[in-house]
Novice: 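Submitted below is the structure of interest, expressed as structure tokens.
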Amino acid sequence: MEKQVYEFKIDPEFRDLIPPLSEDEYSMLEDSIVRDGCDTPLTVWDGIIVDGHNRYEICQQHDIPFAYEERSFSDRDAAMFWMLEHQLARRNLQTYQRAEIILKYAPILRKSAAKRQATSTGGTDPQLRPNLAEAGSKPETRDQLAKMAGISHGTMDKVKQLDAKADEETKKKLRAGEVSIHRAYTDLVNREHDGETRVCESCHEEKPYSEFAFPSNCSQPRSVCKDCEAKAKHPVNDTDAAETRPVPHDTGIQVKNGKTAHVALGLPDDPAMFGQVVDLLKHAQNAYLAAFEATLAQYRPSMISEEHSDLIRELIDYVADTTEELLDKHLNNKNTH
Ligand SMILES: [Zn+2]
């Protein structure tokens, strides 16, 4: 296709679905296009840009010719589904970025899900993957979206809070993967209550707000401080705790899932081995989730009560908090050696 400075329409609703590039990213893209020209064709539907909004803007501004591909969609919804799929398929997206994309599309997907149900046959585009089509047609759109982004419910809720309240600097770090969602969320909540204190119901000491765990689905922190919580769950004194807690690399981890993972062997101290560490963590995560699901199957209707469910939630939070603590401890050890 001949490269030219084509004129296309920009649809504001489509344009606003694209996560904005940071200033750095934009100027890097601009520099490369000005230097080498525009190599990646834009994607256009019926004269409207569906992919390449930034490239279009840069090419127009500097009068740089570009190529484009024409795609056809049955309607606006189908075009937006394609855009969503296209964006989630981009490589190197951080969890927060995936969640941000999903957040932007959620209202549109919900709206079109309602429309699809009303028309029953709908105008499904053959390019849609079945799971995407499902995401638009089931009532649990929220669950489906979280699943598509590979993000848990709880994390999605935290992202919503961060999206609404965090400052731009924090969001930049989240997008770059420089800070975890859990950490940024905890910081946000603690900052909101900076200077406040609470009295622990167990030890009756007045402590800063940050000394109380804050479950994500709850607008109030726990009534018992973290220290007392830890003591209640691990009724051993602190010096014993380190010795009695089973340490993964002493015992090795056995995981089903087709493979057995042995941490006991120890990995060579080499940056390239980090992929193995990630694999091992994923196995551990799968094993935990499988065990959790199997256990939930035993949580039968006659046992189910709000109190029992709260207890389960506490156990889940305990896992999250403890793993975070283990990580911090490990990182601190590394710094002092
Ligand atoms: Zn206490």
Side-chain angles (χ1 to χ4, degrees), residues 95 151-162 164-167 170 173-174 179-251 281 284-285 287-289 291-292 295-296 298-299 303-337:
T95 308
I151 296 166
S152 76
H153 252 224
T155 305
M156 203 67 199
D157 287 338
K158 286 175 188 171
V159 170
K160 270 183 215 166
Q161 297 284 318
L162 288 165
K165 297 181 197 162
D167 53 74
T170 305
K173 283 186 186 163
L174 283 161
V179 61
S180 76
I181 292 169
H182 178 77
R183 169 67 57 206
Y185 176 79
T186 309
D187 288 351
L188 179 82
V189 171
N190 284 333
R191 215 172 315 125
E192 280 181 344
H193 296 275
D194 190 30
E196 289 177 37
T197 58
R198 289 170 64 81
V199 176
C200 169
E201 274 182 11
S202 176
C203 63
H204 303 291
E205 280 178 45
E206 188 175 355
K207 294 186 169 192
Y209 202 91
S210 56
E211 289 302 308
F212 295 82
F214 200 98
S216 56
N217 296 331
C218 199
S219 58
Q220 283 295 309
R222 299 254 165 75
S223 55
V224 172
C225 75
K226 284 180 188 172
D227 287 347
C228 291
E229 229 184 304
K231 273 178 208 152
K233 276 161 187 159
H234 270 285
V236 280
N237 67 47
D238 286 348
T239 45
D240 287 344
E243 277 140 32
T244 52
R245 182 185 289 159
V247 182
H249 49 261
D250 286 345
T251 57
L281 282 176
Q285 204 178 32
Y288 170 74
L289 290 175
F292 189 75
T295 308
L296 277 189
Q298 310 296 324
Y299 185 33
M303 305 174 201
I304 292 179
S305 72
E306 224 178 322
E307 203 190 339
H308 290 165
S309 300
D310 281 346
L311 187 62
I312 293 176
R313 278 181 223 285
E314 278 185 26
L315 291 168
I316 298 170
D317 285 344
Y318 177 70
V319 173
D321 291 344
T322 310
T323 43
E324 188 91 12
E325 270 167 34
L326 283 172
L327 176 65
D328 287 344
K329 210 181 277 178
H330 183 74
L331 297 179
N332 285 337
N333 284 345
K334 185 218 159 201
N335 290 340
T336 53
H337 284 186

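Values reported hereafter were calculated over all heavy atoms of this structure, with side chains retained and with hydrogens, waters and symmetry mates removed. Counting starts at 1 for both ligands and their atoms, following the listed order.
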Novice: Show every salt bridge (Lys or Arg N to Asp or Glu O under 4.0 Å) that has at least one partner inside residues 183-193, sequence neighbours left out.
Specialist: K165-E192, D167-R191, R183-E324, R183-D328
Novice: So do the side chains of H182 and D321 get within less than 4.5 Å of each other, counting heavy atoms only?
Specialist: yes
Novice: Quick one: side-chain hydrogen bond (donor to acceptor under 3.5 Å, both in side chains) partners of T323, sequence neighbours excluded?
Specialist: none
Novice: Have a look around the Zn ion (ligand 1) and list protein N/O/S atoms under 2.8 Å, or say none.
Specialist: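 Listed by chain and number: C200 SG, C203 SG, C225 SG, C228 SG.
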Novice: I'd like to check the side-chain hydrogen bond (donor to acceptor under 3.5 Å, both in side chains) partners of S202; sequence neighbours left out, ordered by chain and number.
Specialist: none
Novice: I want to check something: taking the side chain as every heavy atom from C-beta on, are Y185 and D157 in contact at a cut-off of under 4.5 Å?
Specialist: no
Novice: Run the side-chain contact (heavy atoms from CB on, under 4.5 Å) test on R313 and D310 for me, step by step, so that the C-alpha distance in whole Å, both residues' side-chain angles and the decisive distance to 0.1 Å come before the verdict.
Specialist: CA-CA 5 Å; R313 278 181 223 285; D310 281 346; 4.1 Å; yes
